[in-house]
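To start, the structure under review is shown below, and the notes come after it.
Chain letters run A, B, ... following the sequence lines, proteins first and then strands; every chain starts at 1. All of these numbers come straight from a predicted model, not from anything done at the bench.
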Amino acid sequence: MNHWLVKSEPEAYSWADFVREGGTDWTGVRNYQARNNLQAMQPGDLALFYHSVSEKAVVGVAIVHAAHAPDATAEAGSPWVAVHLRPHAPLGRPVSLAALKADERLAQLGLLRQSRLSVTPVRPEEFDLILALAEG
DNA sequence: GCCAACGTTGGC
DNA sequence: GCCAACGTTGGC
C-alpha cells in the first residue's frame, strides 16, 4: 500500500465538504507530475488531506476508493485523470505546516520539498509520524 | 500584498 | 533546442 498527500484550498473544497459528500472525484489536477501520482494510486491507498493557503495544516486521511479514470472535468481525449477518494478518518488535531517543518524527520516530505505540487507521495514512516503528531 | 518556485508558451 | 516572458501557486 502506498501513501500520498493531496492539497486543497479549504475555501474551494474543504475536508468538511468532503465528509459531507462522503467522497469525491479528485478532479482538476493539471500538472503532469501530480497526474503521474494520481495514476499510481491504488484502491486502499491512504492520502493525507492538506488544507493549503489559509489553514496550512493536514486535517484528515482519505482512502482511495477507485483508481484513476479520465477526469470528467477535462476535455475528452486530454491526458488528465481523477481518482475517487472517500473520507477515512479525521485527524485527532490538525498538524500544521509549521509543525511539519519543525520535525527534522520530515525534511524529505514531498510537500516541503515541492510545495506547489498538489499530489505528492508520502513515505510510510512519514505517514505514521504525521498521524502520531496528530495524536498529540 | 509580495515574492519565490516552477510550469508553460512562444520567438528565435 | 534554448531561453525569456509570463501565469499560477502558495507561503510569508
When you check the gap from the basic side-chain N to the acidic O, do Asp71(A) and Arg35(A) get nearer than 4.0 Å?
no

May I ask you to check whether Gln108(A) and Arg113(A) show a side-chain donor-acceptor distance below 3.5 Å? yes

Between CG of Leu100(A) and C1' of dG11(C) the distance, given in whole Å, is 13 Å

How about Arg30(A): does its CZ atom have over 12 heavy atoms from other parts shown lying under 6.0 Å from it? yes

| message | Can you classify the ring geometry of Phe49(A) versus Trp15(A) as parallel (below 30°), tilted (30 to 60°) or perpendicular (above 60°)? | response | perpendicular

- Message: Under 4.0 Å, counting only non-hydrogen atoms across every strand here, what does Leu97(A) touch: a base, just sugar-phosphate, or nothing?
- Response: sugar-phosphate

Given protein heavy atoms under 4.0 Å, the one-letter contact record of nucleotides 1-10 of chain B, with B base, S sugar-phosphate only and - none, is simply ----BBSS--

- Query: Taking the six-membered ring for Trp, are Trp26(A) and Phe18(A) parallel (under 30°), tilted (30 to 60°) or perpendicular (over 60°)?
  - Reply: perpendicular

